[in-house]
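In this text, all values refer to a predicted model and were calculated from it rather than measured experimentally. The first residue of the sequence shown is numbered 1, and numbering continues consecutively from there.
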Amino acid sequence: MRLIRWLAPLALGLMIVAAAAPAQAVDAVSVRGDAPAIDLTGILEYQHSDTDRIQVSTAPGTDGIVRRIEVRGREAGQNWVVFALANNTDDQLDRLIVAPHYRIVSSGLLWPDLGLSRIATITPSTGDRPERQDSATADIFRVTLDPGAVITFVAELRTNKLPQLYLWEPEAYKDKVNSFTLYQGIVIGISGLLALVLTILFVVKGSIMFPAAAALAWAVLVYIGVDFGFWGKVLDMSQGAERVWRASGEAILAATLLVFLFAYLNLSRWHVRYSHITLGWLAFLGSLVGLALFDPAVASGIARISLVLIAFAGFALIVYLSTHGFDRAVLLIPTWFLLVVWVVAAGMTVAGSVTNDIVGPALLGGLVLIVMLIGFTVMQHAFAGGGATNGIVSDVERRALALTGSGDLIWDWDVSADKVFTSPETEALLGLKRGTLEGPAASWLEVLHPLDQDRFRAALDSVLDQRRGRLVQDFRLRTPDGHFMWFALKARPVVGSDGEVSRVVGTLTDVTEIKNAEERMLHDSVHDNLTGLPNRKLFIDRLNAVANFSKTVPTMRPTIMVIDLDRFKQVNDSVGIAVGDSILLTLARRLTRILKPQDTLARLAGDQFGLILMSEQDAAKITAFAETIRKTIRAPIAFNDREIFLTASIGLALSDPAVPLTDELIKDAELAMYHSKRIGGDRIDVYKPAMRARKTDRLTLESELRRAIERQEITILYQPIVRLEDRSIAGFEALARWDHPKLGRMSPSEFIAIAEEIGLIIDLGMFVMDQTARQLAIWQRAMRSREPIFASVNVSSRQLLRHDLLHDIRTVLSRSSVARGTLKLELTESLVMENPEHAAQMLHRIRELGTGLSLDDFGTGHSSLSYLQRFPFDTLKIDQSFVRTTSRGTRPVILKSIIAMAHDLGMDVVAEGVETDSDAVEMYQLGCEYAQGFAFGEPMDADAAMRMLTEERLEAAS
């Protein structure tokens, strides 16, 4: 325990998952005689049984004894809650256990809980069974608690959810019910009266707003009547029917609210499309009533979402119309704002942010108040009177009004006086002083974009020369801060009596947003949205441009590179897509910094980049540049308190001067990249024509993998594990490789996943284990004079889950007489934590057979230290991400803590990924016994490993 307290502040990155505690007796709630109500919701112990029986431990009685009781459900239920009550007073107490059928609090937005009878029966540990009381809105049971009694109650649930459970003093509960009944009656009365008044006013006034408002009032009356249980008392509805009515009421409420908004704002006047949208929405909401008959929860969830959308979209529309001079919308702003507030409060309530019992009735009262304000608003508008003033305007005035209504700006050039006039709004838009744009036409050249000046001058001259036509010109005007705004000029010449153009008159329109949208669309169509790099389409276009350019300069031949990140999907799964996107953006910026202006970097796919290299022509320099790219990608990327290491497979395609340059060069580079990825990744391969014959599909790989063992295509390589104390070889890790007859040597990452999917991993794992054990026996016989060599073999999840694994290990050990504990099975941290209970049992039995156990990739999973103590591992392998020298900061502290913890648990420590001698020295100084990595040797075949052992023995003898 001191070890765990010491390790906790070091932030090892491990999520400590506590082991499941054994079942304990419930704690009894003390019932005081002066307490009118006690909330039992938070102390309930939920349980689930596979049958209609359940055994529970009772709360300790006055004698301190915990008993076990078995309860059988009356309705074959499998969901239960357990709680206990203690009467510490000297009086007998009568109480009511109350579970409401429906609560709007925490009912949920999607698939809401619309209410049902919650409790089938309650069974006490002692005494008589609680008596159910009649109630249409709640499950109520009367219990009697004798003085000093401690009783455990087991409630059989009809659903898997119990929103609330209260213990009420009978008279207090009666007072509460009476007060709520009075409040509900008042609210229902006001709502009914309001609906009746609005209906009568429709008959008197005849405006379409009144039936819409009246329908909304009737919908609210129906909804609150269902929620208050009023209709259940009138119509004697079952609980199932009440859920249908509640869902239908919410759908009707959303529909009538939409109808009122459409009718009040007269949206059909704008465009017939709004009518179609509204009718479609209404039909959809109407279909929810039919859906409620089959699945009330789904219908209610959709209706609630629709209500939220109508409230917020309606408020945005009302504000928009108000700012554009629509007086009718201005009157509705306060009322609709209250509706938005009500929707937000209701959302917080159904989400569980507000839990008070009074919030439900308060919300329904607030809804009635909102409908009342809507009625007042409708009456205020309908009876305000007034009408449009009709008058006669001249054609000139009508044109002037139309121009003002269009929002366009006036542009007038008096040719004879050479003076331009434009609306003051033009200068206001540009931020210029009044009168800046008034004067000679040539003065406009000073604020025009340099690329637009000649076009503007030529267009004006053309109108003057031809004395007819229409001037349509787009140009940019500069603001004082140096930015430019786009304007569209549409004008016509006015010819005088002498046949010459006297003036040019038209309109200016601000089209900046349209032009910016066009530029964004053009940019986005050929660029990657995340990195801003060219996409595949622009990449191919630039390659074609280079091809045309190379026709005039034959010596200028490009090199195509395709860069694909290795195992990037695992990075996304580990840190999330958002962080994965940040990593791609970081890599794009790194690669851009090492390029020259004539080179082109593009993002071809998710984690795949393309490069057109023009700055280097020499083959050696091209290879060196590709190596620079590889090292740039390998540089660690900091993320929070950890560092992420990436590698890439790079394919090169060198253009041939004798072959026309086409986009086939990209496919050649992709083939080279795929070849690099197949043989392990983190390498650079140049395209060769033979690679085109190596393409294969997954089905072929599966078929060939099934015969790979029979054809002796599976090769086992051994990577040395050395003692850091004297740098002697302590053992080897067995690594499988597939020598494919066509694709060459394939790494485990390319075929292990396939083997697991098709069920071949069992045979493959048995083959590797058996071959490794046989080879280990040969080494041990040849090296009898020293400490026995050990060898470790990786075990997959499918092998560990099989009970036959014990038989397989026993068979392997019987075939080859290896020293006890020297054949080690390596299991990853995440593997043993998938099913820790089963893994612990299997590992203990495996250890008893005489096999060593090694915990691989420690530090990358989410293990529990409490479970780690239960697993009989003798070796712990630190993941290479903690070992590499590029990791700094708290790294030494973390490594020292891991090593100390392993030693305290009686385990040896192996450091993976030791690539330099300085890494080895540092790990030895931190107390690590063994190391494994390229600093001591790459994976090799059995003969090479034997030669290495022999040379080491000869050196030791000399």
Side-chain angles (χ1 to χ4, degrees), residues 712 714-737 765-795 808-826 846-856 873-878 902 906-914 917 919-921 923-924 927-958:
Q712 298 182 350
I714 302 299
T715 301
I716 302 176
L717 303 182
Y718 303 93
Q719 186 172 26
I721 301 174
V722 303
R723 293 185 184 85
L724 291 176
E725 181 179 7
D726 55 6
R727 301 298 176 91
S728 63
I729 298 176
F732 295 89
E733 179 180 357
L735 304 170
R737 297 290 187 269
M766 181 64 179
F767 172 77
V768 174
M769 188 189 305
D770 185 62
Q771 293 297 315
T772 302
R774 293 175 186 270
Q775 187 59 49
L776 179 61
I778 296 174
W779 289 333
Q780 290 180 354
R781 285 194 297 269
M783 308 293 292
R784 291 175 181 253
S785 60
R786 52 165 292 172
E787 185 177 344
I789 299 290
F790 65 82
S792 57
V793 181
N794 290 283
V795 176
D808 293 343
I809 295 174
R810 191 179 294 109
T811 302
V812 168
L813 294 177
S814 64
R815 290 176 183 172
S816 56
S817 56
V818 297
R820 184 177 181 83
T822 56
L823 179 62
K824 296 179 179 291
L825 302 185
E826 282 194 9
I846 291 172
R847 185 68 181 271
E848 292 172 356
L849 295 176
T851 305
L853 292 173
S854 177
L855 180 61
D856 195 11
F873 289 107
D874 53 61
T875 304
L876 184 146
K877 300 185 75 171
I878 304 176
M907 292 187 285
D908 296 328
V909 181
V910 178
E912 290 186 298
V914 177
D917 188 67
D919 287 344
V921 172
M923 296 308 299
Y924 178 67
C928 184
E929 292 91 351
Y930 304 99
Q932 173 184 351
F934 293 145
F936 307 109
E938 297 185 0
M940 62 190 72
D941 58 24
D943 294 337
M946 177 61 81
R947 287 194 298 270
M948 181 179 287
L949 289 171
T950 304
E951 292 173 1
E952 181 183 281
R953 183 178 63 177
L954 294 176
E955 290 177 1
S958 61

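Without hydrogens or angle criteria, Glu912 side chain to Gln932 main chain gives no donor-acceptor distance under 3.5 Å.
Contact annotation: the side chain of Phe936 approaches that of Leu724 to within less than 4.5 Å [non-hydrogen atoms, C-beta and beyond]. By the 4.5 Å heavy-atom criterion applied to side chains, Phe732 and Gln719 are not counted as neighbours. For the pair Leu823/Val812, a side-chain contact is recorded, criterion being any heavy-atom separation below 4.5 Å from C-beta on. Residues Glu787 and Arg723 form a side-chain contact, since some pair of their non-hydrogen atoms from C-beta on lies under 4.5 Å apart. Contact annotation: the side chain of Leu825 approaches that of Met769 to within less than 4.5 Å [non-hydrogen atoms, C-beta and beyond]. Side-chain contact check for Pro720 versus Met940: some heavy-atom pair is nearer than 4.5 Å.
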TODO: Start with the C-alpha gap between Arg737 and Asp941, add the side-chain angles, then the distance that decides, and say whether salt bridge (charged side-chain N to carboxylate O under 4.0 Å, His left out) holds.
DONE: CA-CA 11 Å; Arg737 297 290 187 269; Asp941 58 24; over 6 Å; no
- [ ] Any chance you could lay out the salt bridge (charged side-chain N to carboxylate O under 4.0 Å, His left out) test for Asp770 and Arg774, step after step, and finish with the verdict?
- [x] CA-CA 6 Å; Asp770 185 62; Arg774 293 175 186 270; 2.9 Å; yes
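In this structure, CG on Leu855 lies 10.5 Å from CG on Asp874, to the nearest 0.5 angstrom. Note that the OG atom of Ser792 and the NZ atom of Lys877 stand 4.5 Å from one another [nearest 0.5 Å]. From Thr875, atom OG1 reaches atom CD1 of Ile721 across 8.5 Å, with rounding to the nearest 0.5 Å. Note that CZ of Phe790 is 11.0 Å distant from CD1 of Ile729, once rounded to the nearest 0.5 Å. Taken from CE in Met907 to CZ in Phe873, the straight-line distance is 8.0 Å, to the nearest 0.5 Å. Of the inter-residue distances, the one linking Ser816 atom OG with Gln775 atom CD reads 11.0 Å to the nearest 0.5 angstrom.
Using bins of under 30°, 30° to 60° and over 60° for the plane-to-plane angle, the ring pair Trp779/Tyr718 lands in the perpendicular bin.
The minimum heavy-atom distance between Gln780 and Thr822, with the atom names listed, is NE2-OG1, 3.0 Å. Of all the heavy atoms in Met946 and Ala782, the pair that sits closest is CE-CB, 4.0 Å.
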